[in-house]
Protein chains: 2
Amino acid sequence: MNVLSQNTTIEETSELFQTIASAARLEILLAIGAGEACVCHLESMLGYRQAYISQHLMALRKAKIIESRREGRYIYHRLRKPELLDVIRQAAAFTDSKTLAAPTPAKDCCCPKCIS
Amino acid sequence: MNVLSQNTTIEETSELFQTIASAARLEILLAIGAGEACVCHLESMLGYRQAYISQHLMALRKAKIIESRREGRYIYHRLRKPELLDVIRQAAAFTDSKTLAAPTPAKDCCCPKCIS
DNA sequence: ATAACATATTCAAGAATATGAATGTGTTAT
DNA sequence: ATAACACATTCATATTCTTGAATATGTTAT
């Protein structure tokens with residue numbers, strides 16, 4: 001029933017979160033945006049060292065989140081699926097909004113003790 | 001401009017991802033769902049040991065993702081903001097969909113070398 | 001061929017995380 | 001007051017992640 005009923009999906013989802021659960025990585029993904037970017041671009045944009053950025057790009061590539069393409073001595077990186085930005089933005093919105101949801105009163109535990 | 005223009009939001013978002021970047025934690029959050037659940041419910045539902053679940057609940061509580069309420073000897077846990085489920089579902093959908101986005105050809109790096 | 005450049009990769013040590021085991025705390029029943 | 005129960009917390013270790021430093025690779029210009 002659930003979108004995540006399959007354990008494999010849960011695993012994959014948790015791996016996705018793991019990969020993007022890093023401020024530097026989020027910055028990089030947002031900087032790449034829907035287009036593409038070379039390392040020097042990210043370097044000047046974010047102020048991180050070259051090797052540091054490359055390391056993160058490597059992790060993102062390994063996680064199949066980005067793809068790379070060489071053009072001369074530049075290598076351009078882009079999101080495999082720009083929809084990832086939506087996931088990030090939604091999470092950011094979740095984080096930001098100060099309005100807490102109304103507490104949902106409900107209860108009926110189906111564990112052995114409760115139903116027996 | 002960007003939703004994440006503030007570094008604080010990026011930090012918070014990365015912390016959110018960090019907290020939910022665990023299969024066990026995702027399972028727990030989905031099991032709690034929009035309602036509330038006691039530990040024994042989660043225990044019988046997910047098949048994990050009690051202490052293990054409590055440890056994860058502790059982490060989720062520390063991250064302000066869930067809230068707890070005691071009723072007799074049971075303690076019910078619920079999402080502070082059920083919208084979190086949407087974030088998770090969207091990520092799961094992202095993970096699942098096999099359709100890769102069309103490559104976006106684009107380039108114009110604004111780093112020192114490129115614009116100078 | 002050599003040098004400069006853009007970027008990737010490897011390595012290692014410290015930091016953070018995960019999780020099993022043991023134990024503590026608050027509540028209800030007797 | 002004691003026991004049983006539902007759950008939380010602490011502790012310790014194994015594993016994973018992070019990140020600075022060093023180095024390697026592929027490309028272009030000379």
Side-chain angles (χ1 to χ4, degrees), chain A residues 10-11 14-28 31-32 36-63 65-78 107 109-116, chain B residues 11 14-28 31-32 36-63 65-78 107-116:
Chain A
I10 291 193
E11 259 311 325
S14 112
E15 275 161 25
L16 169 64
F17 283 148
Q18 238 165 272
T19 305
I20 64 177
S22 142
R25 238 112 86 180
L26 287 179
E27 288 182 280
I28 289 174
I32 292 180
E36 55 180 14
C38 57
V39 174
C40 73
H41 180 81
L42 300 170
E43 220 175 325
S44 74
M45 201 164 181
L46 305 176
Y48 293 125
R49 292 172 314 108
Q50 176 266 319
Y52 185 71
I53 292 176
S54 272
Q55 281 172 333
H56 284 304
L57 288 175
M58 200 166 22
L60 294 170
R61 205 177 316 114
K62 186 179 172 194
I65 287 178
I66 64 172
E67 271 173 348
S68 307
R69 159 181 88 82
R70 175 180 285 258
E71 186 176 316
R73 54 183 171 190
Y74 292 82
I75 297 181
Y76 294 98
H77 305 274
R78 63 172 178 282
K107 86 220 51 177
C109 179
C110 61
C111 65
K113 308 276 163 43
C114 300
I115 49 173
S116 70
Chain B
E11 260 312 326
S14 113
E15 275 161 25
L16 169 65
F17 284 147
Q18 240 164 270
T19 304
I20 64 178
S22 142
R25 237 113 89 178
L26 287 178
E27 288 182 280
I28 290 175
I32 292 180
E36 56 181 11
C38 58
V39 174
C40 72
H41 180 81
L42 300 171
E43 220 175 326
S44 73
M45 200 164 183
L46 304 177
Y48 294 125
R49 293 174 312 110
Q50 175 268 317
Y52 185 71
I53 291 176
S54 272
Q55 283 171 333
H56 284 304
L57 289 173
M58 201 168 19
L60 293 170
R61 205 176 317 113
K62 187 178 172 195
I65 286 178
I66 65 173
E67 271 173 348
S68 308
R69 158 183 90 81
R70 176 179 285 262
E71 185 175 317
R73 53 183 171 190
Y74 292 81
I75 297 181
Y76 294 98
H77 305 274
R78 65 173 177 282
K107 85 220 54 181
D108 46 18
C109 176
C110 61
C111 67
K113 307 277 163 44
C114 301
I115 47 171
S116 69

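Within every chain, numbering begins at 1; the chains are lettered A, B, ... in the order of the sequence lines, protein sequences first and strands thereafter.
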Whole Å only: how far is the CD atom of E15(B) from the P atom of dT18(D)?
-> 14 Å
Axis-to-axis angle across the helix from dA1(C)-dT30(D) to dT30(C)-dA1(D), five pairs each end, nearest 10 degrees, ~ 20°
Could you check how far OH of Y74(B) sits from P of dC5(D), rounded to whole Å?
-> 11 Å
Nearest-0.5 Å distance, CG of residue L60(A) to CD1 of residue I32(A) = 7.0 Å
Heavy-atom closest pair (Y48(B) atom, E43(B) atom, distance to 0.1 Å) is O-CG, 3.3 Å
To the nearest 0.5 Å, what is the distance between CG (L42(B)) and NE2 (H56(B))?
-> 11.5 Å
Relative to the 5' end of DNA chain D, which residue comes earlier, A24(A) or S68(B), by the nucleotide with the nearest heavy atom?
-> S68(B)
Atom CG of L60(A) and atom P of dT7(C) are separated, to the nearest Å, by 16 Å
In residues 46-54 of chain B, which ones come under 4.0 Å of DNA chain C, going by heavy atoms?
-> R49(B), A51(B), Y52(B)
Report the distance from atom NE2 of H56(A) to atom P of dT7(C), rounded to the nearest whole Å.
-> 16 Å
Rounding to a whole Å, what distance do you find between Q55(B):CD and dC7(D):C1'?
-> 12 Å
May I have the list of side-chain donor-acceptor pairs in residues 17-24 of chain A shorter than 3.5 Å, sequence neighbours left out?
from: T19(A); atom 1: OG1; to: E15(A); atom 2: O; distance (Å): 2.9
from: S22(A); atom 1: OG; to: A24(A); atom 2: N; distance (Å): 3.4
from: S22(A); atom 1: OG; to: R25(A); atom 2: N; distance (Å): 3.1

Sequence-aligned protein contact record of nucleotides 25-30 of chain D, with B where the base is within under 4.0 Å of a protein heavy atom and S where only the sugar-phosphate is | -SSS--
Between the protein and nucleotides 12-17 of chain C, list the N/O to N/O atom pairs that are separated by less than 3.5 angstrom.
from: dT17(C); atom 1: OP1; to: Q18(B); atom 2: NE2; distance (Å): 3.1

L42(B) CG to dC7(D) C1': how many Å, rounded?
-> 12 Å
Answer whether the closest heavy-atom distance between the side chains of E67(B) and R69(B) falls below 4.5 Å.
-> no
Quickly work out the I20(B) CD1 to dA18(C) P distance and round it to whole Å.
-> 13 Å
Per I75(B) side chain, nearest of listed nucleotides dT18(D), dC7(D), dA8(C) = dC7(D)
Side chain to side chain donor-acceptor pair (under 3.5 Å) involving R61(A) - partner list, sequence neighbours excluded | S68(A)
Against the side chain of C40(A), the closest entry in dA8(C), dT9(D), dT7(C) is dT7(C)
Please state how far atom CD1 in I28(A) lies from atom C1' in dT19(D), giving the value in whole angstrom units.
-> 13 Å
Who pairs with Q55(A) by side chain to side chain contact (heavy atoms under 4.5 Å, CB included), at least two apart in sequence or on another chain?
-> Y52(A), M58(A)
Of all heavy-atom pairs between C38(A) and Y76(A), which one has the smallest distance, and what is that distance?
-> N-CD2, 3.8 Å
I66(B) side, atom CD1; H77(B) side, atom NE2 - distance, nearest 0.5 Å | 6.0 Å
N/O (side chain, R69(A)) to phosphate O (OP1/OP2, dT7(C)) under 4.0 Å | no
